[in-house]
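What you see below is based on every heavy atom in this structure, not just the backbone, and it leaves out hydrogens, waters and symmetry mates. Whatever order the structure lists ligands and atoms in, that order sets their numbers, starting from 1.
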Amino acid sequence: MVHRILIVTAVAAEADSVSAGLALGGPGLLPLPGGLVLRRHTGPDDGGPLVDVLVGGVGPAAVAASTGTALAHASLTSPGNPYDLVVSAGIAGGFQPLAPLGSVVVSASVIAADLGAETPDGYLTVEELGFGRSAHPVPDALTGRIAAALDTGGLPHTVAPVLTVSTVTGTAGRAAELAGRHPGAAAEAMEGFGVAEAAAAYGVPVVEIRAVSNAVGPRDRAAWRIGEALGALRHTFELLSRTVFLEPSP
Ligand SMILES: O=C(O)c1cccc(C(=O)CC[C@H]2O[C@@H](n3cnc4c(=O)[nH]cnc43)[C@H](O)[C@@H]2O)c1
């Protein structure tokens with residue numbers, strides 16, 4: 001069985017790091033509706049995995065639309081052979097001290113952290129409001145295999161909930177509020193939940209993998225380590241393409 005994996009990033013620099021890490025052939029370029037382009041990597045032989053990398057846009061709405069387009073295209077062009085796994089990948093803010101700069105966070109769950117309502121008595125999730133969902137679980141077996149692959153490369157990592165926000169946290173107060181509401185959450189980014197909603201609509205498992213470029217907290221642009229995080233992202237996908245992506249069922 002050929003494994004089909006869709007990796008969705010927000011911006012081209014993240015996709016470049018993912019593609020550079022993949023120990024596979026390509027990419028070939030495949031246009032999709034809506035001006036999107038899939039970068040298709042295959043190999044190392046005919047029985048190897050097929051890994052598509054998509055620049056999906058910044059924020060949960062943009063990336064839900066683009067991921068949905070890629071999944072719809074796959075289901076129409078390869079009926080009965082949809083993607084086996086969808087990965088939301090990129091850089092992120094890390095909650096300290098759980099996720100130091102340059103480390104990698106693998107999502108135990110993908111959480112919409114601001115999809116709900118503020119009330120005088122506190123925040124209510126959409127579940128508490130009686131509609132929708134704000135969390136997607138990730139299979140333990142999958143996170144375990146990813147963590148084992150990162151172990152082999154000596155890449156510092158943690159498996160923990162990853163939050164999706166529409167507004168980047170910029171104060172200590174907001175960071176404390178999010179950490180209090182989501183104990184154990186190790187990272188925040190802006191796309192995971194959108195990718196997960198699209199994947200769930202097609203019944204495909206999802207995982208979010210984030211390299212930490214900055215601390216969640218007071219805005220300090222000078223302290224960002226984007227180059228280091230992009231390097232960790234490249235190393236992550238090199239390790240995965242040599243291990244997890246070659247295994248029978250991701
Ligand atoms: O200019 C700034 O101060 C600034 C601060 C935080 C983030 C940005 C971005 O443009 C990042 C958006 C992009 O990167 C992901 N990301 C990275 N770090 C974080 C974070 O701490 N909180 C949320 N998202 C983050 C995100 O997924 C976006 O794709 C600029």
Side-chain angles (χ1 to χ4, degrees), residues 6-19 36 39 53-67 70 86-107 109-116 134-136 138 156-158 160-182 184-199 206-237:
L6 174 65
I7 302 171
V8 185
T9 71
V11 298
E14 293 166 328
D16 291 346
S17 289
V18 170
S19 284
L36 301 166
R39 306 175 184 197
V53 181
L54 177 68
V55 178
V58 174
V63 88
S66 56
T67 305
V86 177
V87 182
S88 170
I91 62 171
F95 286 92
Q96 303 306 310
L98 292 177
L101 272 57
S103 70
V104 171
V105 180
V106 180
S107 64
S109 54
V110 180
I111 311 281
D114 52 17
L115 186 62
S134 62
H136 287 276
V138 179
H157 60 275
T158 184
V162 176
L163 308 185
T164 302
V165 293
S166 290
T167 304
V168 174
T169 296
T171 64
R174 176 68 173 165
E177 181 189 334
L178 289 173
R181 221 156 61 206
H182 304 284
E188 74 160 37
M190 302 175 78
E191 293 82 24
F193 191 78
V195 173
E197 280 288 297
V206 71
V207 64
E208 183 167 3
I209 302 177
R210 292 280 171 180
V212 177
S213 55
N214 58 285
V216 176
R219 185 170 186 229
D220 180 7
R221 199 69 176 78
W224 277 48
R225 296 290 174 267
I226 291 179
E228 196 180 334
L230 292 174
L233 202 58
R234 185 200 55 70
H235 193 190
T236 296
F237 283 92

Separation of [Y] [atom2] from [X] [atom1] (nearest 0.5 Å):
| X | Y | atom1 | atom2 | answer |
| --- | --- | --- | --- | --- |
| T167 | E188 | OG1 | CD | 9.5 Å |
| I226 | R221 | CD1 | CZ | 4.5 Å |
| I209 | S88 | CD1 | OG | 9.0 Å |

So D16 and R39, side-chain contact (heavy atoms from CB on, under 4.5 Å) or not? Walk me through it.
CA-CA 10 Å; D16 291 346; R39 306 175 184 197; 2.8 Å; yes
Please check if the side chain of S107 supplies one atom and the backbone of E208 the other of a donor-acceptor pair under 3.5 Å.
yes
My understanding is that only residues two or more places apart in sequence, or in another chain, count here; which of them pass side-chain contact (heavy atoms from CB on, under 4.5 Å) with R174?
D114, T169, T171, E177, L178, R181
Heavy-atom contacts with ligand 1 below 4.0 Å: which residues, ordered by chain and residue number?
A10, I91, A92, G93, V168, E188, A189, M190, E191, R210, S213, N214, R219, R221, W224
